[in-house]
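All heavy atoms count here, side chains included; hydrogens, waters and symmetry mates do not. Quick caveat: nothing in here was measured; it's all calculated off a predicted structure. Here, residue 1 is the first one in the sequence, and each next residue gets the next number.
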Amino acid sequence: MKLLTLLEVGDLTGLFVFIIGIVLIVLFVISMFVAAIVQIIYEWDNKRKFSRGQFWRTVLISMLVCGLISGFVCGGM
């Protein structure tokens, strides 16, 4: 399968790629909010610092969990 075939909208391939892209963008935005809330809670007492690595790991874990939840809901229970 060529890359051009994925970008054509002749059948529903383009629609599926578009939907997956939208889902990934929404998951990323939600995960950023979750990571920001976790960072605020973690640094609440000003004794600990939330590093950049911890922030991006929190985003990744949140995206994986949200992806599992959306796959469970969209795939059927």
Side-chain angles (χ1 to χ4, degrees):
M1 180 186 328
K2 296 184 292 186
L3 182 61
L4 184 62
T5 308
L6 286 175
L7 299 177
E8 292 177 359
V9 191
D11 57 342
L12 296 177
T13 306
L15 180 65
F16 291 138
V17 170
F18 183 71
I19 290 172
I20 290 171
I22 294 295
V23 168
L24 287 175
I25 290 170
V26 169
L27 285 177
F28 183 72
V29 170
I30 290 172
S31 297
M32 291 290 284
F33 282 120
V34 169
I37 291 171
V38 168
Q39 182 178 6
I40 290 170
I41 292 171
Y42 190 78
E43 294 179 346
W44 189 261
D45 58 358
N46 293 330
K47 294 179 183 175
R48 298 177 288 187
K49 188 70 178 158
F50 203 68
S51 69
R52 292 181 80 176
Q54 287 175 320
F55 181 81
W56 290 112
R57 269 184 260 138
T58 306
V59 169
L60 179 65
I61 291 170
S62 176
M63 283 184 73
L64 290 172
V65 169
C66 289
L68 285 172
I69 292 170
S70 69
F72 180 72
V73 170
C74 295
M77 292 185 223

- Message: Side-chain heavy atoms nearer than 4.5 Å, only ILVMFWY residues, links allowed to pass through others: does that put Val38 and Trp56 together?
- Response: yes
- In Å and rounded to the nearest 0.5 Å, what is the CZ to CZ distance from Arg52 to Arg57? 13.0 Å
Pair up each side-chain donor or acceptor in residues 42-50 with any protein partner under 3.5 Å, not counting sequence neighbours, and list the distances.
from	atom 1	to	atom 2	distance (Å)
Glu43	OE2	Phe50	N	3.0
Asp45	OD1	Lys47	N	3.4

- Straight-line distance of Met63 CE to Leu24 CG, nearest 0.5 Å: 5.5 Å
- Any chain of hydrophobic side-chain contacts (each under 4.5 Å) joining Leu64 to Val23? no
- So if you build clusters from Ile, Leu, Val, Met, Phe, Trp, Tyr with side-chain heavy-atom gaps below 4.5 Å, do Ile22 and Phe28 land together? yes
- Item | Single-linkage hydrophobic cluster Ile37~Leu27, side-chain heavy atoms < 4.5 angstrom | no
- Is Phe33 linked to Val59 within one hydrophobic cluster, defined over Ile, Leu, Val, Met, Phe, Trp and Tyr using a side-chain heavy-atom separation of less than 4.5 Å? no
- Pairs where residues 63-74 contributes a residue and the test side-chain hydrogen bond (donor to acceptor under 3.5 Å, both in side chains) is met, not counting sequence neighbours: none
- Message: Would the distance check show the side chain of Thr58 and the main-chain N or O of Ala35 forming a donor-acceptor pair, the cut-off being under 3.5 Å?
- Response: no
